[in-house]
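This report refers to the structure that appears directly beneath it.
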Amino acid sequence: MEKTFQPADIETRWYQEWEDKGYFAPQGGEEAYSIMIPPPNVTGSLHMGHGFQEAIMDALIRYHRMLGYNTLWQVGTDHAGIATQMVVERQLEAEGVSRHDLGREAFVEKVWEWKEQSGGTITRQLRRLGSSLDWSRERFTMDPGLSEAVQEVFIRLYREGLIYRGQRLVNWDPVLHTAISDLEVISEEEQGHLWHFNYPLAGGEGHLTVATTRPETMLGDTAVAVHPEDERYAHLIGRMVELPLTGREIPVIADDYVDREFGTGCVKITPAHDFNDYEMGKRHGLPMINILDDDAGLNNDAPEAYRGMDRFDARKKIVADMEALGLLDKVEDHTLKVPRGDRSGVVIEPYLTDQWYVDARELAKPAIAAVENGDIQFVPKQWENTYFAWMRDIQDWCISRQLWWGHRIPAWYDDAGHIYVGPSEAAVREEHQLADEMTLRQDEDVLDTWFSSALWTFSTLGWPEETEELKIFHPSSVLVTGFDIIFFWVARMIMMTLHLRKEVPFHTVYVHGLVRDGEGQKMSKSKGNVIDPIDLIDGIDLEGLVAKRTAGMMQPKLAAKIDKATRRQFPEGIAPFGTDALRFTYFSLASTGRDIKFDIGRIEGFRNFCNKIWNAARYVLMNCENEDCGIAQDAEVELSLADRWINSKLQETSATVARAVGNYRFDLASQALYEFIWNEYCDWYLELSKPVLWDDHASAAAKRGTRRTLIQVLESWLRLLHPLMPFITEEIWQTVAPMAGKSGPTIMLQPYPMADEKGVDSAANADIEWLKGVIVGVRNIRGEMNIPPGKALTVLFANGDERDKSRLEQNAPFLKKLAKLEDIQWLPAGGEAPVAATALVGELEILVPMAGLIDKEAELARLERETEKLAKDLARIQGKLNNAAFVDKAPATVVEKERDKMQAQQQALEKLQEQAQRIRQM
RNA sequence: AGGACUAUAGCUCAGUUGGUUAGAGCGCUACCUUGACAUGGUAGAGGUCCCCAGUUCGAAUCUGGGUAGUCCUACCA
């Protein structure tokens with residue numbers, strides 16, 4: 001074995017082997033366990049958040065696979081309608097071609113080409129992360145099977161009246177030329193203005209003043225509203241005002257939606273361009289005047305002077321024109337929430353169009369019930385509240401998108417505008433007995449990508465056919481996802497699956513936090529703080545990283561800033577840490593919090609942990625290879641205290657890990673493993689094995705016992721660790737397993753170690769604690785007294801009881817080796833102790849004679865520190881016990897514990913004080 | 001506006017049903033290349049558990065209020 005762990009070559013080698021041998025496919029078993037991957041965008045690439053999510057899913061999958069479940073991790077990607085279409089359009093744009101130049105068919109062909117070309121990125125990354133996905137079952141939302149499912153669902157829901165077409169105000173993206181759903185609109189505060197316009201009363205004598213943040217919409221005003229109880233305006237209700245610039249007259253209406261306190265208390269009403277005004281317009285039967293076109297330019301229903309203008313140019317001109325007319329009362333600075341498209345970033349227009357909707361209210365009812373009655377559980381539970389809050393006030397879901405890339409809506413129209421929904425034109429004609437000469441045209445629109453994602457858990461398993469896979473693997477066991485898509489995806493999956501399959505899509509939703517950078521900032525391309533998980537695995541030099549982060553930046557200023565920040569943050573670039581270290585870092589961060597700050601220091605620490613594991617294995621192999629490890633049934637073995645203890649700790653650790661994984665607390669699982677492997681197995685057990693293995697006088701049975709324990713415990717914790725660190729464990733296990741009497745082609749398919757409660761040996765635990773106490777006591781004196789580590793010491797034990805005596809008798813070689821002692825002697829009862837530095841283990845005093853060794857002042861200072869600490873603690877305990885209320889009311893066991901503690905502390909304190917006294921007299 | 005979450009060592013975070021000497025990793029200090037590992041070992045320093053009040057024999061933990069921060073939902077023209 002190499003002296004240091006080199007992850008790169010073993011990782012790709014093992015992944016290849018696992019995949020080639022088909023270990024990722026379901027292996028059978030009585031109980032099924034399945035996870036459906038949240039499908040990433042097929043043309044995108046994985047970021048840190050994905051990496052985190054995949055690591056967690058893979059750990060769950062590997063864990064259950066080893067536990068013997070029939071385990072499926074379903075892999076696949078989605079077509080990401082808007083995002084993908086945008087990318088391809090941009091590429092075409094660079095060639096000076098628009099999609100309209102190409103035409104629909106040719107354009108879609110281009111998108112497929114792009115998908116083929118870029119689609120490998122995601123799957124490569126997934127493999128690099130070690131994800132044990134069943135690649136033989138890979139799916140894509142636009143596959144024929146899944147497309148058929150989408151169509152089937154659309155038709156069914158339409159026939160059930162749960163999908164309908166209607167003219168409504170939608171969120172219109174004037175750049176992408178499509179409607180988008182509420183969830184795809186991001187409203188953020190921006191600085192703007194509030195313009196106050198005077199609208200003259202029809203028939204002279206005065207005016208009303210309205211305030212608006214969007215002056216251009218005034219051209220579509222069809223009323224001015226005031227509050228019905230607003231005395232200032234009561235006399236005007238029912239009168240008309242002149243709408244400037246348009247030559248129209250509009251009524252003053254009363255509606256209690258109006259806030260009397262805001263602005264002037266008069267509101268201009270534009271039903272075709274504002275969601276609230278739309279509702280009001282419907283209440284009052286107002287006309288709806290749409291003044292915009294698909295580009296958000298002014299259309300022919302606007303006054304001639306403004307036709308064809310862009311909305312923001314029109315705004316300027318309208319303000320100027322109003323001012324020229326003396327109708328601009330004032331302009332105030334105003335902070336307002338501006339709605340922008342999450343993909344395009346442009347200001348979204350409420351726009352009146354025909355769209356398809358899902359009646360979400362109906363579907364939500366059983367979906368709410370399923371969470372209420374526990375059929376689906378969120379982990380952590382608090383997310384159920386978020387889910388309920390949204391579901392109980394759910395709005396109908398706009399599912400049509402004016403795009404070319406996606407599932408085309410299976411609806412046809414005749415010239416009279418009748419709608420026919422069905423699987424194909426022919427089917428529709430047949431069903432409705434339409435004459436051949438009647439022309440039908442298919443709806444141009446496609447469905448929201450989330451519509452197909454909502455069917456993911458069952459469409460991937462072959463639905464609408466009742467396949468064997470559906471029977472076995474659906475409902476899936478757990479959904480692993482970020483809280484940011486609870487509404488987008490989780491809720492919609494629950495609704496759709498319950499409706500179509502009358503069963504839940506999954507039993508548990510594990511909601512994890514979002515990965516942020518070291519400063520807590522969200523990672524985003526525009527901030528230039530993204531890290532590709534693969535760069536943490538393979539490493540990347542500074543120039544490469546800078547180039548990656550600034551690539552495709554439109555603004556040179558921003559690129560310069562990112563360049564500088566990157567150079568400051570990663571002056572050396574990023575070192576290669578390997579997949580196992582990255583994964584372990586993810587697990588250590590997987591607590592219940594909402595933010596996961598990714599600190600590069602953590603991964604470095606876990607890279608070191610990998611190295612530690614590697615070297616521990618090297619040590620074990622060096623000592624066990626070509627030796628009798630006592631594996632044979634009839635081998636005579638003798639187990640040392642340390643052997644029994646490490647076995648005991650292994651059982652405790654297995655139990656802790658099982659509990660942690662059961663609660664989705666991978667941070668606790670990883671911590672327990674780290675602690676056990678490093679602080680117990682490596683720091684103590686390996687050290688304790690040396691006095692046996694390197695002792696020429698030790699019996700063959702004792703050596704066999706220690707070798708067997710070394711190798712078997714190592715083999716066990718490799719399996720225990722495998723779901724978290726698949727590669728290093730496999731690599732080492734291959735060599736170690738046969739020596740431990742295990743066989744099998746891969747650690748992946750070995751049984752997961754189960755905790756054996758009978759294996760917990762509390763006597764051994766206590767004895768080792770004693771041993772550690774003595775060793776640490778001596779080391780402490782050594783360290784603080786500046787005694788060279790190489791100098792062997794003779795120590796005296798005093799005041800111990802029978803147990804101390806027998807413990808010493810049995811463990812003297814261990815003490816001598818680990819504390820570097822030349823000799824240990826008991827101070828005879830009543831014997832005069834030499835002046836010495838002292839450590840206490842319970843009642844037992846450990847004396848390191850000071851003659852020629854020890855600095856008097858240093859020892860006094862050390863004792864001073866110790867006694868101070870003890871005295872302080874003692875005072876606290878005494879205070880407690882002197883409190884009658886405590887002694888009366890606290891449980892007897894607690895009081896007893898405090899009493900014992902007080903006694904021990906008191907004795908210790910006295911001894912240290914005596915000791916100090918003697919040293920002072922030197 | 002409504003709601004949720006967070007506040008513990010210099011940094012990133014654990015801390016189960018109230019009873020610990022409040023922990024870990026990284027960083028820091030001193031010493032050490034001893035035959036698995038310097039990506040290491042040994043020892044150590046470092047905390048007003050955000051503030052105030054309450055419940056309790058006892059609060060990092062429970063309750064109320066406050067402060068600071070983050071986020072979600074809705075939205076006033």
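Below, read A as the first sequence line, B as the second, and so on, with proteins coming before strands; counting in each chain starts at 1. Because the structure is predicted, anything quoted here is derived from the model rather than measured.
- Contacts of Asp484(A) classified as side-chain contact (heavy atoms from CB on, under 4.5 Å), with partners at least two apart in sequence or in another chain: Leu514(A).
- Set against rU39(B), rU20(B), rA36(B), the side chain of Thr4(A) has rU39(B) as its closest nucleotide.
- A sub-4.0 Å separation between OP1 or OP2 of rC13(B) and a side-chain N or O of Arg602(A) is absent.
- Between Lys897(A) and rU20(B), a side-chain N or O to OP1/OP2 separation shorter than 4.0 Å is absent.
- For rG41(B), one of the phosphate oxygens OP1 or OP2 lies less than 4.0 angstrom from a side-chain nitrogen or oxygen of Trp678(A).
- Taking only side-chain nitrogens and oxygens, His334(A) comes nearer than 4.0 Å to OP1 or OP2 of rA77(B).
- At rA36(B), none of the side-chain N or O atoms of Lys3(A) fall inside 4.0 Å of OP1 or OP2 (strictly under the cut-off).
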Check step by step if side-chain hydrogen bond (donor to acceptor under 3.5 Å, both in side chains) holds for Tyr199(A) and Asp221(A). CA-CA 11 Å; Tyr199(A) 285 5; Asp221(A) 285 359; 2.7 Å; yes
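- For rC13(B), the OP1/OP2 oxygens have no side-chain nitrogen or oxygen of Ser591(A) closer than 4.0 Å.
- At the phosphate of rG41(B), OP1 or OP2 sits under 4.0 Å from a side-chain N or O atom of Lys612(A).
- Nearest to the side-chain atoms of Ser187(A) among the listed nucleotides rA77(B), rC75(B), rU12(B) stands rC75(B).
- Taking only distance into account, the side chain of Arg782(A) never meets the base of rU42(B) through a donor-acceptor pair shorter than 3.5 Å.
- Within 3.5 Å, no donor on the side chain of Arg779(A) pairs with an acceptor on the base of rU42(B), nor the reverse.
- Listed candidates were rG15(B), rG35(B), rA77(B). Nearest to the side chain of Arg665(A) is rG15(B).
- In this pair, Phe262(A) does not lay its aromatic ring on the base of rA77(B); centres under 5.5 Å and planes under 30 degrees do not both hold.
- In this model, a side-chain donor or acceptor of Glu687(A) finds a partner on the base of rA36(B) within 3.5 Å.
- For rA77(B), the OP1/OP2 oxygens have no side-chain nitrogen or oxygen of Lys268(A) closer than 4.0 Å.
- The number of heavy-atom neighbours closer than 6.0 Å to CG of Asp888(A), taken from other residues, nucleotides and ligands shown, is above 12.
- For the OP1/OP2 pair of rA36(B) and a distance below 4.0 Å, the side-chain nitrogens and oxygens of Lys690(A) include at least one atom meeting the criterion.
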